[in-house]
Each structure stands twice: as C-alpha cells, then as structure tokens.
Amino acid sequence: MNTTYDPKSIERKWQQRWQETGVYEVDLEHAKDPYYNLMMFPYPSAEGLHVGNVYAFTGADIHGRYQAMRGKNVFEPMGFDAFGIHSENFAIKRGIHPKTLIAGNVAHFREQLTRLGGRFAWSHAVETTDPDYYRWTQWIFLQFFRAGLAQRRKAPVNWCPSCKTVLANEQVISGHCERCDTEVTQRELEQWFFDITRYADRLLDNLDDLDWSEVIKTAQRNWIGRSDGAQLRFPLARDATKTISVFTTRPDTVYGATFLVLAPEHPLVAELTTAERKAEVDAYVRAAAERSQEDRMGGQDKTGVFTGGYAVNPFTGKEVPVYIADYVLYGYGTGAIMAVPGHDARDFDFATKYGLPILRVVAGPGDDRTTLTAAYTEPGVAMASGPFDGLPTPEAKEAAIRLAEERQIGERHRTYHLRNWLISRQRYWGPPIPVVYCEKCGIVGVPEEDLPVLLPDVQDFVPKGTGESPLAAIPSFVETTCPNCHGPARRETDVSDNFLDSAWYFLRYPSSGDARKAFDPDLTRKWLPVDSYIGGKEHAVLHLLYTRFVCMALHDLGYLDFEEPFKRFRAHGMIVRNGAKMSKSRGNVVNPDEFFERYGADTLRAYLMFTGPYEEGGDFSDQGIEGIYRFLNRVYHLVRKNLGLSGAEASPDLLRLRHQTIRRVTEDIEALKYNTALAAMMEYLNGLQRENAVPRDDLKALTLLLAPFAPHLTEELWQALDQPYSVHQTPWPTFDADVLVAKTVTVVVQVDGKLRDRLQLPAGLDEAAVREAALGSDAVQRFLPEGAALRFVHVPDRLLSIVTR
RNA sequence: GCGGGCGUGGCGGAAUGGUAGACGCGUGGGACUUAGGAUCCCAUGGGGACACCCGUGAGAGUUCGAAUCUCUCCGCCCGCACCA
C-alpha cells in the first residue's frame, strides 16, 4: 500500500480491473435474484456531464451497489437519449451535423461515467439515435397506429413567426421561442396524436397503489386533472334545434347563469353573430388567433365581445346573451361555458367589466343571502334556484344532473386537463414517423419488415420555414411506393417526439442487440417491472406519465404482462452551489472533471451525497468538499497503519459502536439518507482513531460500509486487507441486536419540563430505582419545592420527568 | 390564484413527541515542524453576577415534556397556472 492516498492511480487501476473482469455485467438469463436498478439516461450535451447528472447517478448507483452486496443480481444499465431539439439546435448553431456531434458527446459522456465509477452494465448500453434502437421506436408507433391509438388530426400548435417554424412545447419558454425569443402564436395544423386521454382514469387510479415519491404522484394527479360535473345544452334563441354545450362542475348554480361565453374559435360563433356585431366579433377572433399564448393566458384582465346572439337557459327558460372571450379555452371541455358570475371569480370579473347581471344562487354560512361583492365559490345552500332551493351544494349538484338527464338537456360528464399527446415534430433530428400517404389507400403504416425507416443522412438539416420538416425537401426520401397497392406514395416527413424515445428505453436495455424483437418476452418477464427508478422531479409529468401510458398501451396490446413499469420511484433533490441554482449564465456550474482531477471520483461522490438528504437536494460548497477528502484520507491511513497489527480485540464499547454503525448505515441507505449514513461512518472512524490498535473486523466493516459511496478506495483497501476480489461482491455486514444494548445509559431528569440532571445508570432499571437515583441528585433536589406532591413520567433508559404542579 | 415542499449556530445540515445543534465546513487556540494552506489534539449557539437564563421564522394552543402535533400570520423555493 502506498504511503499516500493517490485517488487518481487507484481509480484508474480499479476501473480497468472492473472492466476486464466484467463484475458489473449480469447473466440476464440465469440470474437467481434479479434486481433492475434504473436511473434516467442522460441527454449527451456538448458541455459534458453536469454535476446534476453526477448527483443523480451517484445516488442511484449507491442504491444498486448496496442491493448487490445484499445478494441481488443487480442490472444497472446506462444509455443515451440523443435525439431531440437540443442536439438539433446546437448542431444548427455550430453548423455541424448532429450525428457527428452526438458521437463525440457520447464518447465523452461514457468516459466521464466510467471515471465516476458507476457499476454500469455497459454491454447493454443503448443510444436512441441508433437505427437498431429507433427501428423499435417506430415499431411501437406502428402498434399504436394499428390499434387506433395514434391518429392524425388538426390541432393548434405553437408557431414562431420569426423562425417560421412549428415549435415543440418544450421549445416554448414562458410564451417565447427558445431560439429567437419571439412571442409564440398558435396555428392550426395536421398533427399526429397518441390518445393518452383514453387512459386518463387508469393513469390516475393506478397511482394509489404505486410506491412512488408523493410529490410525483401529486403532480401527476394535478396534471391529469379529472373533474366531475355535467354537460348542459343551451338552445339558441333564434333556432332551438341548435344548442351550445357547456361543461360545468357546478350544475347546481345553473339558475345563476346569466350569460354564456364561447372561446373565439368555437364553431357556433359565426352562426350566433348578428350583422351589426360582425365587424367587432371578427376583429376579436382575428386578434385572439394572433395573440401570443402568454398574452392570452398570463393576463388577468378579461376581454371579450358580445356576439349579439342569445341562448336559452334550459332551467329558467330565460334568454341569456352569448359573448366570446379568450379566457375560455377552446381546447378544454366544450370550449364554451355558462357564466355564473355570482359563484365564479373569473365570471365575476367579466360581468363586472361588461355590466352583466350577477345573481346569488348559493347562500353562504349562516344563511347569508346578501348581495355579492365578490364571487362566492365555496359550497353552501342553494337559493333562488327553483327545485334545488334548500339543498346543500353536493346534493344540489346531483339534483341538477338528475333533472338535466330527465329532461334530456344535459348529462353527467367528466373532463380532464390532460391533453392528447402531440407526437409529430416538423424537425429533422428524430425517428421518422413510419407511415406513407397513398392516394388510393390513404394513410398506410410501413410494414414492420421494412423498418427502420432510416433518417436520411443529409447535409441540410436546417428547418426551411415552410412549417414542414427538413425531410420534406428530400425527394429521395419523400417519394416512395405504397406497401399496399405499390402505386406512388409520399412518406410522412415529420419525426416523432423525443419523449417517445425515452418512454421505452428501459424495456430495451435487457434485450439490447436483439435484432428480432423490441424486447424479448422471457427477459422482460424476468427483469421487469423495474425494481427501483431514481430520477429528477423535473420529469414528474412528461416522461413519467408518457412512459406509464406507453406501458399500459403495450400491455393492452398483449406485449407486456404488467401495466406499470416502475414498482418504486424516488425523486432526488436538486444540487445547488453556495445556495444558488447552477446555471451557465451565473457561471457557477460545477465541472465534474475538475473535481475528478483534484480529489478523485470517490471524494466527489461521497461529498455530493453528504451535502443533504438525497431526496431534498444539497448545497455544493467548494470548501466543504475538503472535509470528505480528509475523511477518505483518514480511512486510508487508518487501514494502512493497522494492517500489520494483528490480534487486536474489540472492547465492548468498540463492538457496540461497530454494530451501531452497521445498523445506522444500513437503515440510512435504505431510506436514501446518504448524508447521515456518511456521518455515522465518520463517527465510527473517530472512534476507531482513538484506539491504539484497530481490530481487523472493524477495518473490514468500515470498508464494506463505505464501499457503495467510495467504490475505488474501498476496493484498494479490501485488497490491502487481503480479502478476495471484489469488495463489491462481498455480502453486506450484519449487526447483532444483542450487542447494541448498552450496559449503562444516560437517563435525563426533568423537573416541570426543564432538564436538571443527567444520570449514568445501569440499563434496564425500573421506575422506582430511577426515582431514587433522581431524588438523590442535588441538581434535582434544588428545584423540588418542600413537601410538594410529585408526579413522575418514566421513559425506561431515557428519561424521568418529575412534575411538581 | 391553486398544489407541493421548506424555515434550526457564521455556513451545509442532525434530531419527526423525550439530552436541540450529531457529522462536516469555517473560525480560535495548541502540538509537530526550517516552514506549512499537510497532519494530529482541544474549543466553538447567545448571554451571564458561571451550581443559571435565553434559544429551532412570528404569535397562540395541546402536553409532564414541542424543532417535531394543531391553529393564525410572515418569508423562501419548486410545479401548474383564466382548466369552467
């Protein structure tokens, strides 16, 4: 053993040895106790591995290493999510083809991930940009297409007037184009959708049984946003055969509906508009179409115009005016609302601004029937509502729905905030959507045996500004023959959303390289669903929801036995630096290479884990890392100095410390409290350093406990301790509950809740004995009033509380 | 606005009804040393008339006992955001 701790050479040495011996590869077919340890594969940016990646992967890797030492056959794969707009935009900026760029980035990432010391099964790595991968992404699309889950229809999409191109939702940053900062507008275009809303109820209801971080489940529930209510039909005053359907969660307030509001895009707008209102309505509709999303959504100020048309409230029989306003969204519900200004804040604002009547139809607490000065949105008791009068809100809702259904003027209805998944992108850098358009046969899926539809290797991948993918400009790609009739046909030129690539990558890992199937049924049955998935909160809704949907659909199509892909998901926190979020613009981004170089990967790993509870995140301080570096140095020298000292015996205290530490570290790792696990090891080390000669069992225990955190150092120590390779395949140490019991304990004595003395007493004393000891203490006696009647509360081996009042 | 999380020394953080501040950083002192920004040891919440008092964002409550539970308020962070 070297006299100084030299992380660089130790880490290089073991990384090489691990690779040569393949300790992190698993025999997927024959593994006895499979454990699939997943983390979110990175997007390989040109900047290299971000410290946020290092944080995420280290925490997940520690979990995997711990499970492996617990005897599990841990499969911990890694891959690269390299399609998508980030790569494409960067490539455009640099004028380098994304393919070239990505290859370099991937190589750099692989090298950094290796330096990090993850226990990755590299033989199963996947890259989403590899035709052997995206062939199967296209295959999934085809399955969905055949099942009717993938459909092409018109939809409003984000449009950047300056770049003259369609933008993905992810490219719109608070209403502005990511690249040129121009305000984004809406355009109606033909797009491909996955009908995720059909799965809304299952996606929502399954959450109850998933072992996932509560934050993520809550975010998904809100995103799906199920709301129950009714659809009610308001006939037009001029022509009762036509009706305006509205969705409401408060059918009980229908007697207070004093006007209707339609979204400007609503198809009945033209019909309702009278000749004298036409100019104004047209102008408003046009303006709304051109307004940016931010303008439309962000502003609190409500605008709208009267159409001149009237509809009939089917409950009261009264005519109500119909307005259009852009605070009503065309994409939600029916695109029309019944406005109840008395009991909805937005309708109240609108009614106040345009002088519309505000009625009170729900009495407030204490039978409050006074005139409203603000919308009363709480539940109450129905009033001025004909048959519903006197009913509390929940019952009134039910009564209203029943009555609507009886009279056939409406019915119970459920709506979701969740929208269908728009998956087509008018871009170059993604898997081409595998369909062709034939004049005779219509939209035809590419036959599976013809997959992949290769992304053509072109020089010019810059969007043309026509609203079409750059692929549309390549005749050799576009022009093809119909697989059905062999007549001339045109290929789809859109590519699929990057989120589709990442919605199934974990299904591919075990079956990577399989040329015949996307995922092998036997391997899939053996390894999935995933045992542990750890990742960031930022993917709470998009990735994690799309992934669940894809699995559910594949399950229904008969390809999977399970519908939920991840048994357990844990969201880790964010790592900040000196209290501030890391960002390029602040110039405070931690570059892991610098720290690998200066301290080694083990120090960086352990330090990141030490900064705070893993699920809450931590604060990276440039000075703080020294503490962990010192700790690893001390461990190194402790082992080195004690190697030659044989036969040291552990004192009872030391033995207890050892077992206590094993317990604390074990429990903390399981709870992802890596910071306190390290603190426990530091205390252990402090205890060991007080010994003249440290028993070999303690050196071994400390090395094993530290192994998941500092895999290289501990491998070196394990070898020095003359133990068989590899420390990472050695069983996790166990503790003996009997040894944990201390012989003497500190019992705290309180008088009237204040701490007055601490007594060193033999463990297991009964209350009477503890009382006697406590009353014998001067420090306690001083606070006991003469002749007071005393009451005692005794917590064995911990505390005696004396009450004098 | 809605939803979620958080507020503890100079700093990161421990303690989820029972010894507040574990562990680490920083700081002060000491040892070793030609020297050290290396290493080791000691101290380190505030006050003090030093056998004591105060102290976990503020205020109230429950309890023998509250950082922890309850209510009200203040502040910060993260989602979603005119979703009817």
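In what follows, chains are A, B, ... by sequence order, proteins preceding strands, each numbered from 1.
- Between A:Arg250 and B:A84, a side-chain N or O to OP1/OP2 separation shorter than 4.0 Å is absent.
- Partner of A:Tyr327 under the side-chain hydrogen bond (donor to acceptor under 3.5 Å, both in side chains) criterion, out of A:Thr303, A:Asp347, A:Asp349: A:Asp347 alone.
- When the C1' atom of B:G13 is taken as reference, atom CG of A:Leu672 falls 17 Å away, rounded to whole Å.
- Between A:Tyr327 and B:A84 there is no side-chain N or O to OP1 or OP2 distance below 4.0 Å.
- An OP1 or OP2 oxygen of B:A84 is reached within less than 4.0 angstrom by no side-chain nitrogen or oxygen of A:Thr415.
- In this structure, A:Asp668 places its CG atom 8 Å from P of B:A15, rounding to the nearest Å.
- Taking CZ of A:Phe631 as the start and CG of A:Asn686 as the end, the distance is 8.5 Å to the nearest 0.5 Å.
- Residue A:Val793 is in base contact, counting any heavy-atom pair closer than 4.0 Å across all strands shown.
- Put simply, CD1 on A:Ile216 and NZ on A:Lys537 are 7.0 Å apart, with the number rounded to the nearest 0.5 Å.
- Side-chain nitrogen and oxygen atoms of A:Asn222 include none within less than 4.0 Å of the OP1 or OP2 phosphate oxygen of B:A81.
- In this structure, A:Ser801 reaches the bases: a heavy-atom distance under 4.0 Å links it to at least one base atom across the strands shown.
- Counting heavy-atom neighbours within 6.0 Å of A:Asp766 CG, excluding the residue itself, gives a total above 12.
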Any chance you could lay out the side chain to side chain contact (heavy atoms under 4.5 Å, CB included) test for A:Leu544 and A:Arg548, step after step, and finish with the verdict? CA-CA 6 Å; A:Leu544 287 170; A:Arg548 292 181 58 218; 5.6 Å; no
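- Looking at every heavy atom in both residues, A:Ala404 comes nearest to A:Leu232 through CB-CD2, 3.8 Å.
- In this structure, the side chain to side chain donor-acceptor pair (under 3.5 Å) partners of A:Asp344, at least two apart in sequence or on a different chain, are A:Arg346.
- To the nearest 0.5 Å, the span separating CG on A:Leu685 from CG on A:Asp698 amounts to 11.0 Å.
- Residue-to-nucleotide proximity on RNA chain B shows that, of A:Gly627 and A:Ala336, the 5′-proximal contact is made by A:Gly627.
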Could you run down the sub-3.5 Å N/O contacts of the protein with nucleotides 38-49 of chain B?
none

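- With distances taken from any side-chain atom of A:Arg782 to the nucleotides B:C52, B:G18, B:C23, the minimum falls on B:C52.
- Comparing the C1' positions of B:U68 and B:G1 gives a spacing of 31 Å, expressed to the nearest Å.
- Whole-Å rounding puts the A:Glu538 CD to B:C80 C1' distance at 16 Å.
- Residues from residues 673-681 of chain A lying near RNA chain B, meaning a heavy-atom separation below 4.0 Å, are A:Asn675, A:Thr676, A:Ala679 in numerical order.
- Looking at heavy-atom distances under 4.0 Å, A:Lys537 makes no contact with the nucleic acid at all.
- At whole-Å resolution of the value, CD1 in A:Ile216 and P in B:C78 are 16 Å apart.
- Side-chain proximity of A:Met682 to B:G24, B:G4, B:C53: nearest is B:G24.
- On a pure distance criterion of 3.5 Å, no polar donor-acceptor pair joins the side chain of A:Lys581 and the base of B:C77.
- Paired regions of RNA chain B, where each region holds three or more successive Watson-Crick or G-U pairs whose two hydrogen-bonding distances fall under 3.5 Å, are B:1-7 with B:74-80, B:10-12 with B:23-25, B:26-31 with B:39-44, B:45-47 with B:52-54, B:57-61 with B:69-73.
- Heavy-atom nearest nucleotides on RNA chain B were determined for A:Val748 and for A:Asp752, and the one closer to the 5' end corresponds to A:Val748.
- More than 12 heavy atoms of other residues, nucleotides or ligands shown are found within 6.0 angstrom of NZ on A:Lys353.
- Of the candidates B:G3, B:G26, B:A84, the closest approach to any side-chain atom of A:Thr218 belongs to B:G3.
- Residues meeting the side-chain contact (heavy atoms from CB on, under 4.5 Å) test with A:Asp208, sequence neighbours left out: A:Arg221.
- Distance CD1/A:Ile802 to CZ/A:Phe792: 5.0 Å, rounded to 0.5 Å.
- Nearest heavy atoms, A:Pro267 versus A:Tyr330: CD-OH, 3.7 Å.
- A gap of 13 Å separates the C1' atoms of B:U56 and B:G46, to the nearest Å.
- Heavy-atom distances under 4.0 Å link RNA chain B to A:Arg756, A:Arg758 of residues 756-771 of chain A, given in residue order.
- Taking atom P on both nucleotides, B:A60 is separated from B:G17 by 25 Å, rounded to a whole Å.
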Hey, mind stepping through A:Leu203 and A:Gln220 against side chain to side chain contact (heavy atoms under 4.5 Å, CB included) and telling me if it holds? CA-CA 9 Å; A:Leu203 288 167; A:Gln220 293 207 350; over 6 Å; no
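- When all heavy atoms of A:Val362 and A:Arg250 are compared, the closest pair comes out as CG2-NH2, 3.8 Å.
- With its glycosidic angle more than 90° from 0, B:C41 adopts the anti conformation.
- Comparing B:G36 with B:G75, their C1' atoms sit 45 Å apart, to the nearest whole Å.
- Taking 3.5 Å as the limit, the base of B:G18 and the side chain of A:Gln750 contain a donor-acceptor pair of atoms between them.
- Across B:G18 and B:G28, the matching P atoms stand 37 Å from one another, rounded to whole Å.
- For A:Arg798, the CZ atom counts as loosely surrounded, since its 6.0 Å shell holds 12 or fewer non-hydrogen atoms of other residues, nucleotides or ligands.
- Of the candidates B:A84, B:G18, B:G12, the closest approach to any side-chain atom of A:Val795 belongs to B:G18.
- When the P atom of B:C25 is taken as reference, atom CZ of A:Phe610 falls 8 Å away, rounded to whole Å.
- Nearest heavy-atom pair across A:Leu765 and A:Val770 is CB-CG2, 3.8 Å.
- The listed nucleotides are B:C64, B:C80, B:C82; the one nearest the side chain of A:Asp326 is B:C82.
- B:G9 shows a glycosidic angle within 90° of 0 and is accordingly assigned syn.
- Separation of the C1' atoms belonging to B:G24 and B:A14 is 11 Å when rounded to the nearest angstrom.
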